[in-house]
Amino acid sequence: MERVNFRSIEKKWQKKFSSSKLTNSKGKKFYCLEMFPYPSGKIHMGHVRNYTIGDVIARFKYLNGYNVLHPMGWDSFGLPAENAARLNNLSPIDWTNSNIKTMKTQLKLLGLSIDWDLEISTCDEDYYKHQQSLFIDFYNSGLVSRKETYVNWDPIEKTVLANEQVINGRGWRSNAVVERRKLSQWFFNISQFSDELLEDLEKLDGWPQKVKLMQKNWIGKSYGCELNFKIQNSSDQIKIFTTRPDTIFGATFIALSPDHFLGHQFKNNVEFIKFKKECSKTGTTEEALANADKIGFKTNLFAEHPFNKEIKIPIYFANFVLMDYGNGAIFGCPAHDQRDFDFAKKYKLPIIKVVSDGNKEHDKMKLIEAYTGVGKMINSSFLNGLSIEEAKIKIIEKVKELKIGGKKTLFRLKDWGISRQRYWGCPIPMIYLEDGSCVPVDKKDLPIKLPPDINLNSPGNPLDHHPTWKNTKDSKTGKPAKRETDTLDTFVDSSWYFLRFCSPKFKKEAFDNEKVNYWMPVDQYIGGIEHAILHLLYSRFFMRAIKVSNTNVNCSEPFQNLFTQGMVCHETYKDKNGNWLYPNEIKKIKSNSAIKISDNSKVTVGPIESMSKSKKNTIDPEEMIEKYGADSVRWFILSDSPPEKDIQWSDTGVAASSKFLQKIWNLNQVIMSNKSKSTNSADEKKFVEKIDLYILKITELINNFQFNVAVAQFYEIYKFFNNHLQKNIRKETLISNIEKVMRLMIPFTPHLANECLEVLNSKNTDKWPKANKELLNNLKINIVVQVNGKTRDVLQMENNTTEKEITKTVLSNLKTSKFLSDKKIVKTIFVKNRIINYILN
RNA sequence: GCCCUCGUGGUGAAAUUGGUAGACACAAAGGACUUAAAAUCCUUGCCCUUUUGGGAGUGCCAGUUCGAGUCUGGCCGAGGGCACCA
């Protein structure tokens, strides 16, 4: 039999795919989008998985009559281009574009149904011009602000570092100790939408619960009480926020953030300056903060207890109080908050219990840690005896009466800092005038282009160092002005690309409203879980921000359905010197031992981890496609593991996939060369019914993203066909049914399926097969027969067989009757078309 | 520390959503074909029984139910998110 040459049929079909679109002009729209890649150089298995899943959905929807939008583009601004440029003495744009070229060719090898006419790249002027325009719209709508904020400052590179660039408190490249430094930065006022972003999560039925929960926690809404403490012998007040106002009588100190305005009073105090310096040494990373020791600075100030003027509360500055949450001030109740407890221990402050767990003995004992559980109030004046919840309500009432505060809702979500001191990003379209004011660039002057001649080798902000770039003129007055030299965070680029895809060539504006209103929201978005919070939240913000200035846009949630796929993993290998080895440098001996090919030395087989360049446990998709064909790679990556879970790459697995696809090809050949047989209509009817069942099942499985189970159905179908080749089934019937099966395979293995369909002379290569549902109503049904809950037999019965008839059969059947004879049936449980259960004593 | 998710053969997993546990695949062992190998195909997979068959069994312990992988409570373990957020 002729073996199929996957490589040659794939080439043939890829040519056709590249010019065909998934357009059904009469169909309902379906926007299928996968997270677009960063053009890092070559595609990796993670891309293969992401885009294969997307392709299955896009093709499946198209075959079912939908009008499908399936675009692809490049998230092409970002730091790696600058680093690569610096290392290889290239320009970032050349490096980026050459990577795009390579990766595009590679993606095409996968046989994806992408409409490349819609391709966009965020580093193109055609793209970032519109981004600058959107920025100006946001600015004019009051959604942009300029604020001072703390950043990770690398004193050698003279630049701001992202949190992930700070390793153990040091700059990742310079190795300098990173400082906390205050810098004026641009912000998108995402916190204006905190409540909306939180509440609308509930409408997102098509999102994984996990992602919604992560966003919810990130937004972090909390209810509490704001209240003012009067400072003794001063007109100043301290406004604090607390979620535990009930513990007010346990307050033994007040702690202020080192950046609190009261600090001005101590600006000449040597000890305070020293303390502040100590605090600024800790970076801004979560890790650094969490591991930091609690330190404080005791002032000579005291606050009055709001409910008992006799009580004087000492005021401290403390490093664990954050300036950008609440008001940068807290009252410390050491007995019922662990941080306050730690602080009180260190500075020997009193610890007063105000919540009792109900055990009188405990009330007298010294605490060894803060008690944060439930209980009744004690030592709390008018609150005594109340529960925590009752006490909270009462205190808030009192605070309102005294006009010193009230109920308050707070969000953890902070505004989105978008300034980056980088070259390879979208320039922020703002200019500084001679009078010191800052205004947006006139829209007709857009795009503000990046200068091609840039020196990336000196530290600091490259655009700022450019000899001429920042010099410009105010278009209104003609007076000289200076450009903003910061560029935008690359998360901005990916916060609206899905809108651009609706009209990627539209010149006038960022997008054509009509097109956006037709295609948006994205019906299925597919990508990695690592973007669960930031990218998705920012995109949700963008959609809302756009609606503020563009009232013609209807959509406010960009992604109707979200699917987050798992990672691709592989074993790791180390040689005898502890160096990582690539899988193709080793030879497996057994499942847990291997040798290095070059010198036969022993290799340590390590744990299975997600593929990463640093651990060298990567498999090159192009090599795999070369060896096994794209369909085999696609087939393998969809088999075995559910798509939301991590998958383990295995050589034997992909080889087996390839063999199976070869068998499918062979099956088609055998059927075509089959000799027609006389029919047995009963056999044939059963055969067709079974195929119809498979059509229904596979359809449902794809709708549920259970691709691994769908793949298993095809293995069964293959066996099923093989078993029926020798039976009395006409050749036409075999052909018409294998044709249906090949149509079912199009989304999974588009090249092979189309090739087979061509051989079968199919006229329906753009339609999903239909199952005859009426036939299925007459199918025989498996009835499980149980005695005392134990399965004793499975009967094949007609649809809707009655309990009486089944019992008759059961009693006449030796296999089951032996369990029932001479015994009294106490009770019978009967579920139609499912089960019958006889209960004996 | 707080929050969430998940524990099923040697492995990846499936299970009509409370109704035949282990579909399908990988790996392993045995066999068929072959002079041989490769390729291909078949069988097996816990315990008792020669077979027919019977029994146990979805991390552990209890509960609800005619019936629990699935529901409830507790424990143990793994993974993830957040984290001086007051």
Side-chain angles (χ1 to χ4, degrees), chain A residues 208-218 220-222 224-225 240-245 247 255 257 282 286-294 318-322 324-333 336-340 342-343 369-370 372 410-414 529 532-533 569 590-591 608 636 639-642 645-648 650-657 659-660 662-663 666 697 700-701 706 708-719 722 782-794 815 818 826-831 833-840:
Chain A
Q209 282 299 335
K210 183 167 65 165
V211 175
K212 286 193 277 187
L213 190 75
M214 278 159 78
Q215 293 218 349
K216 189 182 163 200
N217 292 339
W218 188 262
K221 188 175 188 174
S222 59
C225 174
I240 66 96
F241 172 78
T242 178
T243 54
R244 291 293 303 273
T247 62
S257 161
T282 15
E286 292 145 9
E287 206 187 345
L289 288 169
N291 296 333
D293 268 341
K294 287 182 182 55
N319 65 338
F320 69 92
V321 182
L322 307 172
D324 52 6
Y325 186 78
N327 306 298
I330 61 155
F331 73 71
C333 174
H336 306 289
D337 182 291
Q338 192 57 42
R339 293 154 302 174
D340 299 347
D342 296 343
F343 192 78
E369 60 177 4
T372 53
L410 224 57
F411 292 93
R412 208 192 71 104
L413 180 67
K414 290 169 202 154
I529 186 76
I533 298 173
C569 303
K590 273 195 211 144
S591 68
I608 295 153
F636 171 72
S639 335
D640 289 350
S641 288
K645 282 181 74 172
D646 287 354
I647 190 172
Q648 197 192 331
S650 112
D651 280 343
T652 49
V654 71
S657 295
K659 276 179 205 164
F660 176 72
Q662 181 68 53
K663 288 202 279 187
N666 295 348
K697 193 157 185 197
E700 197 195 335
L701 289 167
Q706 289 178 283
N708 54 325
V709 191
V711 162
Q713 303 306 304
F714 288 105
Y715 283 97
E716 281 189 15
I717 291 173
Y718 172 79
K719 259 191 212 167
N722 242 1
N782 287 344
I783 307 280
V784 175
V785 181
Q786 295 186 339
V787 179
N788 282 340
K790 280 212 169 87
T791 303
R792 296 302 180 183
D793 200 8
V794 181
K815 207 170 162 189
K818 65 179 178 185
V826 181
K827 197 176 167 190
T828 310
I829 287 116
F830 175 66
V831 183
N833 291 338
R834 276 257 167 99
I835 197 164
I836 190 154
N837 187 6
Y838 301 100
I839 310 303
L840 313 175

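Just so we're on the same page: letters track the sequence lines, and every chain starts at 1. Computed from a prediction, not measured in an experiment: that's the story for all the values here.
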Taking O4'-C1'-N9-C4 for purines and O4'-C1'-N1-C2 for pyrimidines, is B:G22 syn (within 90° of 0) or anti?
-> anti
In B:U17, glycosidic geometry as syn within 90° of 0 or anti otherwise = syn
Rounded distance in Å - CZ (A:Phe331) to P (B:C84) | 20 Å
Answer yes or no: side-chain N or O of [X] and base N or O of [N] forming a donor-acceptor pair under 3.5 Å.
| X | N | answer |
| --- | --- | --- |
| A:Asn782 | B:U20 | yes |
| A:Asn217 | B:C82 | no |
| A:Lys827 | B:C66 | no |

Tell me what [X] touches on the nucleic acid: a base, only sugar-phosphate, or nothing, going by heavy atoms under 4.0 Å.
| X | result |
| --- | --- |
| A:Ile829 | base |
| A:Val321 | base |
| A:Phe241 | base |
| A:Arg339 | base |

Given the [atom1] atoms of [N] and [M], what is the spacing between them in whole Å?
| N | M | atom1 | answer |
| --- | --- | --- | --- |
| B:G19 | B:C71 | C1' | 14 Å |
| B:G54 | B:C41 | C1' | 33 Å |
| B:G7 | B:G57 | C1' | 16 Å |

side-chain contact (heavy atoms from CB on, under 4.5 Å) with A:Gln338: which residues, sequence neighbours excluded?
-> A:Phe341, A:Asp342, A:Glu369, A:Ala370
For nucleotides 7-15 of chain B, just jot down a letter per nucleotide in 5' to 3' order: B, S or -, based on protein non-hydrogen atoms under 4.0 Å.
-> -----BSSS
With A:Lys221 via salt bridge (Lys or Arg N to Asp or Glu O under 4.0 Å) - residues at least two apart = A:Asp195
Are [X] and [N] close enough that a side-chain N or O sits under 4.0 Å from OP1 or OP2?
| X | N | answer |
| --- | --- | --- |
| A:Tyr838 | B:C66 | no |
| A:Arg412 | B:G81 | no |
| A:Lys719 | B:C24 | yes |
| A:Lys663 | B:C41 | yes |

Checking side-chain hydrogen bond (donor to acceptor under 3.5 Å, both in side chains) for the pair A:Ser222/A:Tyr325: CA distance, chi angles, key distance, verdict?
-> CA-CA 11 Å; A:Ser222 59; A:Tyr325 186 78; 3.0 Å; yes
Which atom names give the shortest non-hydrogen contact between A:Asp340 and A:Phe331, and what distance separates them?
-> OD2-O, 3.9 Å
Between A:Asp793 and A:Val785, is there a donor-acceptor pair closer than 3.5 Å when you use the side chain of the first and the backbone of the second?
-> no
